[in-house]
Amino acid sequence: MSEVMWTEKYRPKTLDEIVNQEEIVKRLKVFVKERNVPHMLFAGPPGTGKTTAILAFVRDLYGENWRRNYLELNASDERKIEVIRTTVKQFASTLPFGDVPFKIIVLDEADNLTSDAQQALRRIMEQYADTCRFCLTCNYSSKIIEPIQSRCAIFRFAPLKDEDMKKRILWIAEQEGVEITEDGLDAIIYAAEGDMRHAINILQASSALGETITSDVVFKVVGRARPEEVREMLQLAFSGRFMDAREKLYELLIKYGLSATDVVKQIHREIFKLPIDERLKVELIDHIGEVEYRLVEGADSEIQLSALLAKFTVIGVNQRK
Amino acid sequence: MVLPWTIKYRPKRISEVIGNKKAISQFVKWLEQWLGGKPPKKKAIVLDGPAGTGKTSLVYAAANEYNLEVIELNVSDKRDAETLKQVVGSAASLSTLTGAKMRIILLDEIDGISSRADRGGLREVIRIIDITRNPIVMTSNNIWDPSFRSLREKCEIASFNRLTENMIVTVLRRICEKEGIKAEPEALRKIAQNSGGDLRAAINDLQAFCQGRKELKLSDLHLSRRDRELNIFETLSRIFYAKSAESAVSAVMSSEVDYELLMRWLSENIPRFFKTNEEIAYAFDKLSKASIFLSRAKFGQYWRLLVYTFALMSAGVAAARKEPIKGFIKSSFPTWIRKQIAVQEKRQKLLEIGKIVKRYAHLSARDSVSEILPYLTIVASNNKKFEEILIKRWDLTPEMLALLKETFL
């Protein structure tokens, strides 16, 4: 059976296959052996193996029938706690299949739930504790409320080491019969920023472009996924051309179907690469953060982004003086 | 500066809408069928009746009570077939972005669609009623005009009557109590009489007469036609050329344009009226703060905060001016209004694909769009076999693939 995406195809299937995060894997193996597990909280940056660990864990725990005892929900898709409650209720209403006396419910991106929703989630966790164990994943454990943290065993996933990522990428390339140069490999690791999923996606897309993966190919791929227009927009703003910068913004939003928050995030990412004074970068980030907060509060996105660009025109012109 | 009482005392719940009990319960029954997941046979409803009888207020009160989102097109928007198709068509066929709230599409004063200026508009409305997945509510002053026959067939019609003097007096009295104003009963009755059953007019008159007083006597009343309201161009030039903060604010207060739409016009035109980046940045800073106060007012239903919105968007923008504005400057229609629809449409389509990818990727639909789709597209466009697998096994349509290529290549 051939998986469409390499991220899935080469996702480790058992705990034994996971080469990183040794401490975590060791603890999970104990749970499998004892056929008991507490509620768990997996915290760490994207692409560090949180989902992989839980999937391998349930496979080891339940064997072939893992799918019948496993429910995966994503908090950023089911923002309504009611939906989560109903789904959990349905899933929990039937007995676990096989000899393990509980089922596993994974709630991804739990830090996207409001604290009210988390309070409700905590009650749900208690209500179904007899038959279900919860595994929550998040990027920042500090965004999970205290009462939930105290009910969970917390696992912290560290960013993958460059060496480990390189090994894995080379291994996948070998399996797929793809040639990759040394600078091509370095480029992938640089662009992936410690995110294994990102690295594999870049590898797969790069391999589609030609025989050998060089750094040129990698940068071409990465450039498409992270629109160049953001940088162009910023350059226009910094050179004082507000109207043109705003036109670019509209274009960007329409072409990529981005939300205002997406744009803010991309701007944030670009700031560090700008050839400007370090102190100024901090200033800019302060403004960007303020805008993102306002958007969350529900302020009008077109007006907020225009205001940000207008601010940049002034800062940019002062910078050149 | 004072918040218009018509806004301040706008009903928040259906039970607070006065009079017309029969029409209201007809509307609520119709809406509850939608909310229960079974759209009624007639997917649109017309609230028909004279001005100021609570038609639009009812829609917003219901939206507030049931936590619905209202997408409104009002008379100041252009309503030819093309605009309708863009605005209503996409809103009607899509569920909300968050998937959380149902949307009500409100076409205010539908009989303002004229056969000449809004060519094909009516036909488009009828077509949209046929395909909508969201409740469509229209208000009108006379739906019984022969030109609306084909529209009437598609709609339920709830008829609103003029409010009685007693009803209007009741509301006015309640407002006076809350404002701490001692009013002679005869004075309130006189205002009610003069309103001709139009509650909005009555409340506006009451506010005008009570300005700066704590007492209202019959002898104080000198009822006459109210001042003409400013159109959008007059409003904008009064703001941009304002000589004082106060006169800028009063331009907002006496504008016929709704303040949210006005903010959109300001955003479009700030860089046209101001020439230096400092002025533009200052004006946008204040406008962006006005928009924050608006969102806070809406979020907490704390409408008093609107006074700050009004002040910041007018006096704040006017204060940006450092040098006199030279010559005549023509204000432009906000391009963002049209573009916004295109953005939402695109985003919605990408999310649809994200929802498919999500099934295979252990990611949210949203993250699937940003993290998976760009790479998937590159592979698919360079590998025919891969593309076929996406179509056969993932059920991506050729249209979806075309959209991906257009977006990411």
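Computed from a predicted structure; not experimentally measured.
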- chain B heavy atoms under 4.5 Å from A:Glu72: which part of the residue, side chain, backbone, both or neither? side chain
- Query: Would you call B:Asp367 and A:Arg197 a salt bridge, using N to O less than 4.0 angstrom?
  - Reply: no
- Note on the structure: B:Ser364 and A:Glu109 have their tightest heavy-atom pair at OG-OE2, 3.3 Å
- Query: Please walk me through it: do B:Gln340 and A:Tyr250 pass side chain to side chain contact (heavy atoms under 4.5 Å, CB included)?
  - Reply: CA-CA 9 Å; B:Gln340 189 177 20; A:Tyr250 289 166; over 6 Å; no
- Note on the structure: If you tally heavy-atom pairs under 4.5 Å between each of A:Glu8, A:Glu302, A:Arg294 and chain B, the highest tally belongs to A:Glu302
- Pick one of side chain, backbone, both or neither for A:Gln204, based on which atoms fall under 4.5 Å of a heavy atom in chain B. both
- Message: Counting heavy-atom pairs closer than 4.5 Å to chain A, which one of B:Arg272, B:Lys286, B:Arg264, B:Lys349 comes out on top?
- Response: B:Arg264
- Query: Do side-chain atoms of A:Arg246 reach the backbone of B:Glu268 as a donor and acceptor pair under 3.5 angstrom?
  - Reply: yes
- Item | Smallest separation among heavy atoms of A:Ala208 and B:Val379, with atom names | CB-CA, 3.7 Å
- Message: Tell me if the CD atom of A:Glu176 is crowded by more than 12 foreign heavy atoms within 6.0 Å.
- Response: yes
- Item | Contact origin within B:Thr335 toward chain A - heavy atom pairs under 4.5 Å | side chain
- Task: Name the region of B:Glu260, side chain, backbone, both or neither, that has any atom closer than 4.5 Å to a heavy atom of chain A.
- Result: neither
- Rounded distance (nearest 0.5 Å) linking atom NZ of A:Lys255 with atom NZ of B:Lys346: 7.5 Å
- Looking only at non-hydrogen atoms, find the nearest pair between A:Asp262 and B:Arg366 and report the distance. OD1-NH2, 3.2 Å
- Task: Could you please spell out the steps behind the side chain to side chain contact (heavy atoms under 4.5 Å, CB included) verdict for B:Glu371 and A:His198?
- Result: CA-CA 7 Å; B:Glu371 295 198 17; A:His198 196 188; 5.8 Å; no
- How long is the span from the CG atom in B:Leu363 to the CG atom in A:Asn74, to the nearest 0.5 Å? 7.5 Å
- Task: Just do the side chain to side chain contact (heavy atoms under 4.5 Å, CB included) check on B:Phe284 and A:Lys311 with the steps written out, would you?
- Result: CA-CA 8 Å; B:Phe284 266 116; A:Lys311 197 158 265 165; over 6 Å; no
- When you look at NZ of B:Lys322, are more than 12 heavy atoms from neighbouring residues, nucleotides or ligands closer to it than 6.0 Å? no
- Message: Under 4.5 Å from any heavy atom of chain A, what part of B:Lys358 do you find: side chain, backbone, both or neither?
- Response: side chain
- Which bit of A:Lys265 is near chain B, if near means a heavy-atom gap under 4.5 Å: side chain, backbone, both or neither? side chain
- Item | Partner chain B: residue of A:Asp195, A:Leu209, A:Val83, A:Val106 with the largest heavy-atom pair count (under 4.5 Å) | A:Leu209
- Part of B:Ile292 lying under 4.5 Å from any heavy atom of chain A: both
- Item | Side chain / backbone / both / neither for B:Tyr282 at chain A, heavy atoms under 4.5 Å | neither
- Message: Between B:Ile372 and A:Asn201, does the side chain to side chain contact (heavy atoms under 4.5 Å, CB included) criterion hold? Intermediate values first, please.
- Response: CA-CA 7 Å; B:Ile372 307 280; A:Asn201 279 329; 3.8 Å; yes
- In terms of heavy-atom proximity below 4.5 Å to chain B, should A:Ser259 be classed as side chain, backbone, both, or neither? both
- Message: If I take atom CG from residue A:Leu309 and atom CG from residue B:Asn277, how far apart are they, to the nearest 0.5 angstrom?
- Response: 11.0 Å
- Message: Looking at B:Lys339 and A:Glu247, is there a salt bridge between them, counting it only when a charged N and a carboxylate O are closer than 4.0 Å?
- Response: yes
- Message: Quick check: do B:Leu390 and A:Val4 have side-chain heavy atoms less than 4.5 Å from each other?
- Response: yes
- Tell me, for B:Ala290 versus chain A, whether the close heavy atoms (under 4.5 Å) come from the side chain, the backbone, both or neither. neither
- Query: Atom CG in A:Asp300, atom CH2 in B:Trp336: separation rounded to 0.5 Å?
  - Reply: 9.0 Å
- Could you grab the distance from atom OG of B:Ser288 to atom CD1 of A:Ile303, nearest 0.5 Å is fine? 8.0 Å
- Query: Checking A:Ile202 against chain B: side chain, backbone, both or neither under 4.5 Å from a heavy atom?
  - Reply: both
- Between the CE atom in A:Met5 and the OH atom in B:Tyr360, the distance rounded to the nearest 0.5 Å is 9.5 Å
- Message: With a 4.5 angstrom heavy-atom cut-off, is it the side chain or the backbone of B:Leu376 that approaches chain A, or both, or neither?
- Response: side chain
